[in-house]
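Here the structure is laid out as structure tokens; the discussion comes afterwards.
Note that this is a predicted model, so its numbers are computed, not measured. Numbers for residues simply follow the sequence, beginning at 1.
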Amino acid sequence: MSAAGPTAAVVPTSRTGGPTLAAVVPTYNYEAYLGAALDSLLAQDPPLQRVVVVDDGSSDGSVAVARSYGERVEVVEQTNAGQLAACLTGLDRVDTDYVWFLDADDLAVPGATAQLAGALVGRPVKVQFPLQAVDAAGTPTGSVFPTTRAGYDERAMARDNAVLGFYTCPPTSGNVYRRDVLLGLDRAALDPRDFIDGPATLVLPHLGGTIVCLERPLARYRVHGANHSQWFRPTPERLQGEVDWFERRWQQVCALLDRDRPPFGDRRPAYVLERRLMVAALQGRWWLLPDAVALVARLARSGLPRGQVLALAVWAGLLLLPVPAWRTVLVESRRDPSRRPAALRAAVSALRRLRAAGPGVLRPGGRRA
């Protein structure tokens, strides 16, 4: 596939003149959450054109839950092949202009389709929106993520791919894709055991179409032990595994774009630099300055919100302190905000307040303007 990609295709329209939308719910052993996910989709007004559940070889009662909805939900069963494979199976079963992949443990927010209808009129390649984090019981945790700068678009996303190695993008449930664009990707280049928010999403800013970022959360992301157990306890081996996984993902993106090298070329992007820092800190290496400086430089050139850049720069600076116990806390707190030391939270908050006050707040010598 060339860089021009599938964006040249003409998107069909519904009878009302607006784009049509279906939801695909990939599930694997999420019997406990699937019913709530389907209820949230079937309650949408205007209604989704279709709701499809793709069971990826579950050994629990997921299929029975899905079939209990009768004709309101189409159920597809397949041998376990991976989340991306399940999503692509669902993609082939719908004929709408757009498809929303909602993870089986997540929830659609009431009124989501009404908000999406206006965003889809311009025929973007993708619409993305923040997610509201909830606990296993569905209670909001107070977190809404990710945050983006005003005006964050496909051009800024492509630049972030070049300096960060990724662009600010929510997990699966925070994305609505134009179906013909996904159908135009070379599936032979994709690892079916990856995720729909992996290479198939990383490639989109480079295809020439528009990507729309909405400010309002339109789905709820459920945080529970089954989906976050390893993330919160990074080890050198796991972090190196993430780097290897990252490199494999970009090999797939390069194949999709028919390019020899990723947009960051031979330079290490922020994703890799951050993990190199954490590995070195956990292994007790004391000289971390070159990677820390390079990381902050990449962050400064990115489209991340300035407050987030500032917080990460503070984190990288504190990681230089050669105190093993402190470094371990910092590495773990990078993944789990609840573990961040009070002093670190206070310092980041103070710096963010100064930043929010605008330029000229502090003059040389510490004098206020």
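Although no hydrogens or angles enter the test, the distance criterion places a donor-acceptor pair under 3.5 Å between the side chain of Ser58 and the main chain of Asn29. Judged by distance alone, with hydrogens and angles left aside, the side-chain atoms of Asp55 form a donor-acceptor pair with the main-chain N or O of Gly57 at under 3.5 Å. The backbone N or O of Cys254 sits nowhere less than 3.5 Å from a side-chain atom of Asp258 that would complete a donor-acceptor pair. Judged by distance alone, the side chain of Asp160 and the main-chain N or O of Thr168 form no donor-acceptor pair under 3.5 Å. A donor-acceptor pair is defined here as one N or O able to donate and one able to accept, closer than 3.5 Å; no such pair exists between the side chain of Asp56 and the backbone of Tyr28. Looking only at distances, a side-chain donor or acceptor of Gln44 sits under 3.5 Å from a matching main-chain atom of Ala112. In terms of modelled atom types and a separation under 3.5 Å, the side chain of Asp197 and the main chain of Thr172 share a donor-acceptor contact. Remark: side-chain polar atoms of Asp135 are paired, donor with acceptor, to backbone N or O of Thr139 under 3.5 angstrom. The closest donor-acceptor contact from the side chain of Thr113 to the backbone of Pro47 lies at 3.5 Å or more, if one exists at all.
Here Thr235 contributes atom OG1 and Met278 contributes atom CE; the two are 10.5 Å apart, rounded to the nearest 0.5 Å.
Applying the ring pair (Phe, Tyr, Trp, His ring centres under 6.0 Å) rule to Phe166 yields no partners; only residues at least two apart in sequence or on another chain are considered.
When all heavy atoms of Ser62 and Leu34 are compared, the closest pair comes out as O-CD2, 3.4 Å. Thr141 approaches Val134 most closely through the heavy-atom pair CG2-C, 3.8 Å. The two residues Leu330 and Trp315 have their closest heavy-atom pair at O-NE1, 2.9 Å. Annotation for Leu277 and Ala316: closest pair CD1-CB, 4.4 Å, computed over non-hydrogen atoms. Pairing each heavy atom of Val144 with each of Pro217, the nearest pair is CG1-CG, 3.6 Å.
In the hydrophobic clustering of ILVMFWY residues, with side-chain heavy atoms under 4.5 Å counting as a link, Leu319 and Leu289 come out together. One hydrophobic cluster holds both Leu282 and Trp286 under the rule that ILVMFWY side chains link at heavy-atom gaps under 4.5 Å. The hydrophobic cluster containing Val51 also contains Val75, counting ILVMFWY residues as joined when their side-chain heavy atoms lie under 4.5 angstrom apart, directly or transitively. Residues Val176 and Val121 are members of separate hydrophobic clusters, defined by side-chain heavy-atom contacts under 4.5 angstrom among Ile, Leu, Val, Met, Phe, Trp and Tyr.
Counting only heavy atoms from C-beta outward, the side chains of Leu288 and Arg327 approach each other to under 4.5 Å. A 4.5 Å side-chain heavy-atom check between Arg50 and Thr20 finds every atom pair outside the cut-off. Residues Tyr33 and Thr27 form no side-chain contact, since every pair of their non-hydrogen atoms from C-beta on lies 4.5 Å or further apart. Contact annotation: the side chain of Leu116 never approaches that of Tyr98 to less than 4.5 Å [non-hydrogen atoms, C-beta and beyond]. Between Val109 and Phe129, the closest side-chain pair of non-hydrogen atoms is not below 4.5 Å. At a threshold of 4.5 Å between non-hydrogen side-chain atoms, the residues Met157 and Cys213 count as touching. Contact check for Leu120 versus Asp97: no side-chain heavy atoms found under the 4.5 Å cut-off. Using a 4.5 Å heavy-atom cutoff, the side chains of Leu84 and Ile196 are in contact.
Classified by interplanar angle (parallel below 30°, tilted 30° to 60°, perpendicular above 60°), the ring pair His224/Tyr30 is perpendicular.
In this structure, Arg275 is positioned above the aromatic face of Tyr271, its NZ or CZ under 6.0 Å from the six-membered ring centre and within 45° of the axis.
A salt bridge links Glu77 with Arg67: the distance from a Lys NZ or Arg NE/NH1/NH2 to an Asp or Glu carboxylate oxygen falls below 4.0 Å. A salt bridge links Arg261 with Asp266: at least one charged nitrogen is closer than 4.0 Å to a carboxylate oxygen. Salt-bridge annotation for Asp180 and Arg178: present, with a side-chain N of the basic residue lying under 4.0 Å from a carboxylate O of the acidic one. A salt bridge does not link Arg285 to Asp291: none of the charged nitrogens lies less than 4.0 Å from a carboxylate oxygen.
Side-chain contact check for Thr89 and Gln78: at least one donor-acceptor pair (N or O, by modelled atom type) lies under 3.5 Å. When only modelled atom types and interatomic distance are considered, Tyr221 and Ser143 share no side-chain donor-acceptor pair under 3.5 Å. Gln128 and Thr201 are not linked by any side-chain donor-acceptor pair at a separation below 3.5 angstrom, with hydrogens and angles left out of the test.
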query = Does the pair Leu107 and Arg222 meet the rule for a side-chain contact (heavy atoms from CB on, under 4.5 Å), with working shown?
reply = CA-CA 8 Å; Leu107 302 161; Arg222 199 185 301 265; 3.8 Å; yes
